[in-house]
Amino acid sequence: MRRFHRAAVLFLLFLLGAGNTYTQTDASSGRHTLSLNEAMDQLDGELLWDPLFQSGIITANKHQASFQAGAAGEDALILYDNATLLTLPSPYTEGGELRFPEAFIAALRGNIEESLQREEPRFSIAAIVVDPGHGGKDGGASGNLTINGKKVQILEKDITLKVSKELFSRLQKKFPGKQLMLTRSGDTYPSLEDRVDKAHAIPLKENEAVIFISIHANASFNKQARGYEVWYLSPEYRRDLIDPKAKTGVEEIASIYNDMLEEQFTTESVMMAQSILKHFKGTFGDSLPSRGIKAEEWFVVRKARMPSVLIELGFVSNEKDAELMTGASGQKLFVDAIYNGIIEFVERFEKSGGFTEVANR
Ligand SMILES: [Zn+2]
């Protein structure tokens, strides 16, 4: 259905308080009418009013109704949400004030309530957990770099913390409405369980998701080995996402439900991994090789009941990679790549209403 066209009319926003505030009885019909104030209070809405054409648009709870003021006691056609025509007792002006028949407001309220009930809440990613790998007593991979003739030992735990903290603060600025979490912010050693438990403890509403991004660096005996890779948990690894007896009391159904959840998390993890990998390629071009997306069972966040990926930035055992990962300009590139990958994933996830829906189409 087409929208109403109103060429070159000036809409004036009637401020609440402009109308009188008492209920009147319409003398001709005996029906009750409401002032603008009362009407908008009842709808929790706002009126855009065009005095020239005597037409108005009421918006309430993201729904709207267009009408033209008629005569008291008459019916009018009301266009609801630019799609549905309703025949309702017409609003009218009296002594320069708009009056709304109670039946008009009641019908509108009913329509809005019905619309709200029909709408399924959208999926959103309410929380993002950034996990700097290792820390404290666990240095992770280590490599030796010669800078200006000096031998320097570099540790994975330091690189992952630097990159994670920078990523975290940029995500915080980008998504002020989301819960952002770092599993460690200093040189400490939370266990793998601690890290995942922290993520699970984030309070979520229904249709809200949390994603987990673990940041690591590689090492190899082969000093030539270079490049980044993104890992997700192999679909062969079956996580116990739910207590077999908790949900249904029937173990068999619980197991099917578990498989479905597992598949959903795997799909979403793969999609997140793809977005991140794509932005690594865009950011680094040929200067750092891609080792692709990989699936494993021993993946660090195997107990995570959420879409999760693990990123190996590069190799501390390779001089070029190590330079990139320890220098400020190189670290910024890693942060850019992950940041843009996460944003792309979050926006696609939220636009599609959750990837599960997309995957099943
Ligand atoms: Zn690691």
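When a residue number appears, it is its place in the shown sequence, counting from 1. What you see below is based on every heavy atom in this structure, not just the backbone, and it leaves out hydrogens, waters and symmetry mates. Counting starts at 1 for both ligands and their atoms, in listed order.
Taking the side chain to side chain donor-acceptor pair (under 3.5 Å) definition, one finds that T87 meets it with nothing, sequence neighbours left out. Partners of F175 under the ring pair (Phe, Tyr, Trp, His ring centres under 6.0 Å) rule, at least two apart in sequence or in another chain, do not exist in this structure.
Expressed to the nearest 0.5 Å, how far CG of L277 lies from CD1 of I293 amounts to 5.0 Å.
Follow the hydrophobic side-chain contacts under 4.5 Å out from I342 and you reach F349 in the same cluster.
For M325 against F334, the heavy-atom pair with the smallest separation is CG-CE1, 3.5 Å.
Listed by first and then second residue, the side-chain hydrogen bond (donor to acceptor under 3.5 Å, both in side chains) pairs that reach into residues 165-176 are R170-D336, sequence neighbours excluded.
Protein N/O/S atoms found under 2.8 Å from the Zn ion (ligand 1): H134 NE2, E156 OE2, H216 ND1.
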